[in-house]
Amino acid sequence: MSANMVRDAERVWTALDGFQIEVPSWGFANTGTRFGKFLQSGAATTIDEKFADAAQVNALTGASPTVALHVLWDLPKGVADVPAVQALEKKFGVKSGSINPNLFQDAEYKYGSIANPNPEIRAIALDHLLDSVEIGKQLGSKDVSLWIADGSNYPGTQSIRNRIGWMEEVLGATHAALAPDQRMLVEYKPFEPAFYHTDIADWGMALELSRHAGPKAKVLVDTGHHYQGTNIEQIVAWLLHLGALGGFHFNDRKYADDDLTLGSIDPYQVFRIFHEILSAGKDEQAGIAFMIDQSHNLKGKVEAMIQSVVTAQELYAKAALVDRVTLAELQQQCRLVEAEECFRSAFWQDVRPIVRDWREARGLPADPLKALAESGYVQRISEERGSKNARSVSSYA
Ligand code: LRH
Ligand code: MN
């Protein structure tokens with residue numbers, strides 16, 4: 001093995017030993033679009049099944065020890081469901097990760113939740129946020145991750161200014177309820193389900209709202225929540241510079257918030273984001289939450305989740321191979337082509353053999369997807385869950 005190969009292996013192994021990415025419970029459930037759902041017999045419908053699938057992904061990849069929970073989908077009885085979730089954590093050996101409130105599906109949120117003109121509705125939304133904070137406290141979860149779908153569909157129908165003030169009030173009260181080691185992550189999204197204005201539409205709005213809320217509020221970057229052509233890694237660089245980057249929802253897209261599997265359309269995008277992260281100080285890197293946020297409408301859900309974790313590991317490993325010392329010199333001297341080649345050559349490098357060796361050295365299967373196929377896990381859950389899933393509705397409306 002050449003000295004370069006030994007150096008590369010060390011860099012990749014060190015990077016992978018520190019890399020974890022959270023999987024979303026809803027990524028294992030039957031999801032669809034407004035045009036329908038293609039039910040899968042093996043899909044998870046109960047929180048038990050979601051923990052079982054998350055544990056399978058972690059067992060085969062060694063990189064996803066936590067599962068993100070959506071409160072109304074996973075803890076419909078709120079705090080009362082905490083003991084049951086704690087029992088599942090013990091049974092399956094994966095911890096509850098970020099707590100995601102649901103402020104978008106209930107009828108009373110038609111004109112918004114925390115930005116709704118009606119103070120009673122805002123109070124209901126705040127209650128749900130405070131429940132979510134309490135659930136996080138009892139489960140020992142660090143992050144309460146907020147996506148606010150609020151907005152409007154027609155110009156002139158809502159006061160954008162008033163809504164900012166209402167959001168600040170509710171987010172301030174939510175921040176005040178956080179435990180010392182808890183954080184709230186503010187996610188932005190330019191549109192959908194609102195199609196004229198969205199109250200938290202971009203990183204600037206999320207940044208100002210999190211700053212106004214307090215020091216435990218940070219910005220969450222969902223890679224699918226940007227207009228075409230947006231330079232996402234530049235937003236990441238800014239948020240790092242401002243100490244405001246809380247974490248990511250990774251997925252991929254060709255058009256809008258398509259929630260496709262990570263790296264399936266533009267893997268170079270994820271590589272460029274990881275490069276910004278790995279170029280940051282160790283303390284800055286420490287607080288950044290990596291999470292997957294996808295809905296697997298066509299692919300097998302457990303396969304797609306394993307494929308996404310493996311792809312994230314490979315792209316993180318590639319980013320770890322960038323010779324950042326040489327790159328900094330070339331950038332400083334504006335030696336453009338050499339700098340680009342220094343940067344890009346890491347992306348072109350096939351890290352899969354090194355990653356396979358790392359897996360085996362860590363007692364993990366060299367090829368997680370192959371191991372899943374050989375385990376018969378998907379066949380087993382399809383048989384166990386098939387009849388129940390067959391009864392669930394496929395139409396969206
Ligand atoms: C909104 C979003 C948000 C989740 C939801 C499942 O598009 O990205 O993070 O709550 O997807
Ligand atoms: Mn998201």
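The first residue of the sequence shown is numbered 1, and numbering continues consecutively from there. Every heavy atom of this structure was used, including side-chain atoms; hydrogens, water molecules and symmetry mates were not. Computed from a predicted structure; not experimentally measured. Whatever order the structure lists them in is the order used to number ligands and atoms, beginning at 1.
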Ion pair [X]/[Y], N-O distance below 4.0 Å:
{"X": "K318", "Y": "D350", "answer": "no"}
{"X": "R356", "Y": "D367", "answer": "no"}
{"X": "K388", "Y": "E49", "answer": "yes"}
{"X": "R362", "Y": "D17", "answer": "yes"}

Mutual orientation of the aromatic rings belonging to [X] and [Y] [parallel < 30°, tilted 30-60°, perpendicular > 60°]:
{"X": "F19", "Y": "Y316", "result": "tilted"}
{"X": "F248", "Y": "F290", "result": "tilted"}
{"X": "F271", "Y": "H275", "result": "parallel"}

For Y255, is the NZ or CZ atom of R253 found under 6.0 angstrom from the centre of its six-membered ring and inside 45 degrees of the ring axis?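 No; the conditions do not both hold, so R253 does not lie above the ring face of Y255.
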Give me the number of protein N, O or S atoms whose distance to the Mn ion (ligand 2) is under 2.8 Å.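 There are 4 of them.
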When you look for protein heavy atoms under 4.0 Å from ligand 1, which residues do they belong to?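 Shell around ligand 1 (4.0 Å, heavy atoms): W26, H70, W147, E187, K189, D222, H225, H249, D257, D293.
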Within a 6.0 Å radius of atom CZ on R352, are there more than 12 heavy atoms belonging to other residues, nucleotides or ligands?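 At most 12 heavy atoms, drawn from other residues, nucleotides or ligands, come within 6.0 Å of this atom.
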